[in-house]
Amino acid sequence: MTRTDTLAIIKPDALGRGRAGTIISHLEEEGFQVVAARVVHLRRHEAEAFYAVHRALLVRGMDAVSSLREVIGATDPAEAAAGTIRALYAESRERNAIHASDSPENAEFEIAFFFAGTERLAAAD
């Protein structure tokens with residue numbers, strides 16, 4: 001397996017319920033390293049290109065894209081595996097607590113949307 005980077009976004013519903021720290025801790029316990037973090041409120045034109053209010057995280061882990069998708073669980077929390085972030089913290093399919101990139105290509109696009117190259121920590125490998 002290869003250590004790679006991907007993007008995770010804690011969505012407004014989870015941020016508003018005070019779950020950001022718990023979700024970040026969950027990711028760290030699963031072996032992800034938070035490489036960069038910021039709280040962002042996007043302007044309308046930016047939101048149209050992405051989402052509204054999120055906490056964006058650049059996380060690093062082994063095969064980060066696929067393993068993060070596993071850790072967050074299915075979009076619908078009723079279908080998410082026990083112990084996944086969505087099973088634990090999502091309210092509904094629409095208020096599902098977290099976003100994660102769905103491919104390495106989208107991860108690079110989404111990371112670049114939120115983080116300049118200078119914000120990325122060097123790999124600890």
Side-chain angles (χ1 to χ4, degrees):
M1 281 199 272
T2 306
R3 184 173 286 279
T4 57
D5 295 345
T6 191
L7 185 80
I9 297 176
I10 299 173
K11 293 184 176 182
D13 56 285
L15 191 62
R17 291 183 297 124
R19 297 293 189 193
T22 306
I23 291 171
I24 291 169
S25 292
H26 190 118
L27 294 174
E28 290 175 332
E29 289 167 10
E30 291 287 341
F32 291 95
Q33 174 190 9
V34 175
V35 178
R38 66 171 29 157
V39 176
V40 180
H41 182 90
L42 301 176
R43 291 189 239 29
R44 182 176 179 90
H45 71 278
E46 294 168 324
E48 289 170 357
F50 216 87
Y51 290 114
V53 179
H54 298 82
R55 170 171 267 178
L57 305 171
L58 172 52
V59 297
R60 179 171 292 146
M62 301 308 283
D63 290 321
V65 172
S66 60
S67 57
L68 181 60
R69 300 289 301 174
E70 236 177 83
V71 168
I72 69 171
T75 303
D76 186 340
E79 298 172 5
T84 61
I85 290 173
R86 288 179 172 152
L88 293 168
Y89 308 113
E91 296 176 3
S92 68
R93 183 175 179 80
E94 293 76 28
R95 297 176 58 88
N96 61 21
I98 191 166
H99 163 85
S101 303
D102 61 2
S103 69
E105 298 77 22
N106 284 342
E108 284 304 313
F109 170 80
E110 293 174 352
I111 289 166
F113 189 91
F114 287 103
F115 297 102
T118 57
E119 293 179 280
R120 296 172 90 158
L121 296 178
D125 296 330

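Residues Val65 and Met62 are members of separate hydrophobic clusters, defined by side-chain heavy-atom contacts under 4.5 angstrom among Ile, Leu, Val, Met, Phe, Trp and Tyr.
A pairwise comparison of heavy atoms in Ala107 and Ser101 identifies CA-OG, 3.3 Å as the closest pair. Smallest separation of non-hydrogen atoms from Phe114 and Leu7: CD1-CD2, 3.9 Å. In terms of heavy-atom proximity, Leu15 sits nearest to Ala20 at CD1-CB, 3.7 Å. Heavy atoms only, all atoms of each residue included: Ile23 and Ala14 are closest at CD1-CB, 3.9 Å. The shortest non-hydrogen separation linking Ala37 to Val34 is CB-CG1, 4.3 Å. Considering all non-hydrogen atoms of both residues, Ala100 and Arg69 come closest at O-NH1, 2.7 Å.
Applying the side chain to side chain donor-acceptor pair (under 3.5 Å) criterion to Asn96, with sequence neighbours excluded, gives Lys11. Applying the side chain to side chain donor-acceptor pair (under 3.5 Å) criterion to Asp102, with sequence neighbours excluded, gives Asn106. With sequence neighbours excluded, the residues satisfying side chain to side chain contact (heavy atoms under 4.5 Å, CB included) with Ala87 are Ala80, Thr84. The side chain to side chain donor-acceptor pair (under 3.5 Å) test applied to Arg17 returns Glu91, not counting sequence neighbours. When the side chain to side chain contact (heavy atoms under 4.5 Å, CB included) test is applied to Glu70, no partner is found at least two apart in sequence or on another chain. With sequence neighbours excluded, the residues forming a side chain to side chain contact (heavy atoms under 4.5 Å, CB included) with Ala64 are Thr4, Thr6, Phe32, listed by chain and number.
The closest side-chain heavy-atom distance from His26 to Val71 is below 4.5 Å.
Looking at Asp76, its side chain never comes within 3.5 Å of a backbone N or O of Arg93 through a donor-acceptor pair.
Atoms NE2 and CD, on His99 and Glu110 in that order, are 3.5 Å from each other to the nearest 0.5 Å. Separation of atoms CZ (Arg60) and CG (Leu27) is listed at 14.5 Å; rounding is to 0.5 Å.
Sorted pairs that involve residues 26-36 and meet salt bridge (charged side-chain N to carboxylate O under 4.0 Å, His left out), not counting sequence neighbours, are lacking altogether.
Screening Ile24, Leu68, Val35, Ile98 for a side chain to side chain contact (heavy atoms under 4.5 Å, CB included) with Leu57, the sole residue that qualifies is Ile24.
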